[in-house]
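What's counted below: heavy atoms across the whole structure, side chains too, no hydrogens, waters or symmetry copies.
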Amino acid sequence: MASLIYNSAPDEMARGDIDFDTNTFKAMLVTSAYVASKDNHDFRDDVTNEVSGTGYTAGGVTSAVTVTKDTANDRVTIQFGAVSWASSTITARGCVYYKSRGGASSADELVAYADFGSDVSSSGGTFSVAASTIKLQN
């Protein structure tokens with residue numbers, strides 16, 4: 001499976017429901033059993049097979065977001081910052097980025113899925129995910 005932007009995200013951005021300057025965004029890890037659907041998944045409650053294990057808390061961790069406008073190349077770059085889980089024992093296949101409203105998972109808008117390409121594990125160490133970048137071309 002490839003990494004993707006959920007189709008609902010650009011719609012939510014255009015309507016102002018997703019604001020990268022003021023909203024809180026989180027990164028949650030999923031196992032290889034999760035099958036991302038860019039068409040049918042739009043809220044966090046659609047995400048199945050979240051990882052569990054020592055050092056991991058359900059729902060993931062906050063990821064800082066940086067937005068850069070590039071007028072020379074007619075695009076906007078959205079970068080979700082690197083995240084990590086210290087002293088963890090987990091295995092994950094990918095990372096789901098979403099807007100966290102702090103309540104029900106049915107209200108948290110999905111933004112993107114980063115596929116690692118294969119399972120990645122930590123065993124009593126730090127599990128790290130590098131920054132992920134989305135480029136919206138005009």
Quick one: do D42 and L110 satisfy side chain to side chain contact (heavy atoms under 4.5 Å, CB included)? Show the steps, please. CA-CA 5 Å; D42 48 6; L110 299 180; 5.7 Å; no
List the steps and the verdict of side chain to side chain contact (heavy atoms under 4.5 Å, CB included) for T133 and T77. CA-CA 7 Å; T133 302; T77 301; 3.3 Å; yes
Start with the C-alpha distance between I18 and F25, add both sets of side-chain angles, then the distance that settles side chain to side chain contact (heavy atoms under 4.5 Å, CB included), and finish with yes or no. CA-CA 10 Å; I18 291 179; F25 293 87; 3.7 Å; yes
Given V129 and L29, is the side chain to side chain contact (heavy atoms under 4.5 Å, CB included) satisfied, shown in steps? CA-CA 9 Å; V129 177; L29 300 175; 4.0 Å; yes
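Screening F80, Y97, Y98, Y34 for a ring pair (Phe, Tyr, Trp, His ring centres under 6.0 Å) involving Y113 leaves a single residue, Y34.
Contact of the V111 side chain with the I134 side chain is registered, since non-hydrogen atoms from C-beta on lie closer than 4.5 Å. Using a 4.5 Å heavy-atom threshold, the side chains of L136 and I78 count as touching. Under the 4.5 Å side-chain criterion, counting only non-hydrogen atoms from C-beta, R44 is in contact with M28. Considering only heavy atoms from C-beta on, V61 comes within 4.5 Å of W85 through its side chain. Here the side chains of D70 and T68 are not in contact, with every heavy-atom distance at 4.5 Å or above. Between V30 and V47, the closest side-chain pair of non-hydrogen atoms falls below 4.5 Å.
No more than 12 heavy atoms of other residues, nucleotides or ligands sit less than 6.0 Å from atom CG of N138.
Using modelled atom types and a 3.5 Å distance limit, the side chains of E50 and Y56 yield a donor-acceptor pair. A donor-acceptor contact under 3.5 angstrom links the side chains of S88 and S122, judged on distance only. Checked by atom type, the side-chain pair T91/S121 shows a donor-acceptor distance below 3.5 Å.
Looking only at distances, no side-chain donor or acceptor of S87 sits under 3.5 Å from a matching main-chain atom of G125. In this structure a side-chain-to-backbone donor-acceptor pair under 3.5 Å is missing from K38 to S8. Counting only distance, with no hydrogens or angles, the side chain of T31 and the backbone of A33 share a donor-acceptor pair below 3.5 Å. Judged by distance alone, the side chain of S100 and the main-chain N or O of K26 form no donor-acceptor pair under 3.5 Å. In terms of modelled atom types and a separation under 3.5 Å, the side chain of D115 and the main chain of G117 share a donor-acceptor contact. Put simply, the side chain of Q137 never gets that close to the backbone of V76: no donor and acceptor are under 3.5 Å apart. Here the side chain of T89 pairs a donor or acceptor atom with the backbone of G124 at under 3.5 angstrom. Although no hydrogens or angles enter the test, the distance criterion places no donor-acceptor pair under 3.5 Å between the side chain of R93 and the main chain of V120.
Here the straight-line distance linking atom NE2 of H41 with atom CG of N7 works out to 12.0 Å at 0.5 Å rounding. The OG atom of S105 lies 4.5 Å from the CG atom of D45; values are rounded to the nearest 0.5 Å. The line from OG1 of T66 to CD of Q79 is 6.0 Å long, rounded to the nearest 0.5 Å.
Taking the six-membered ring where tryptophan is involved, the planes of F116 and F127 are tilted, since the angle between them lies from 30° to 60°.
Minimum heavy-atom separation, M13 to F20: SD-CE1, 3.7 Å. Minimum interatomic distance between S63 and G81 (heavy atoms only, all atoms of both residues): OG-O, 3.0 Å.
Ionic pairing of D108 and R101 is not present here: no N-O contact between side-chain nitrogen and carboxylate oxygen is shorter than 4.0 angstrom.
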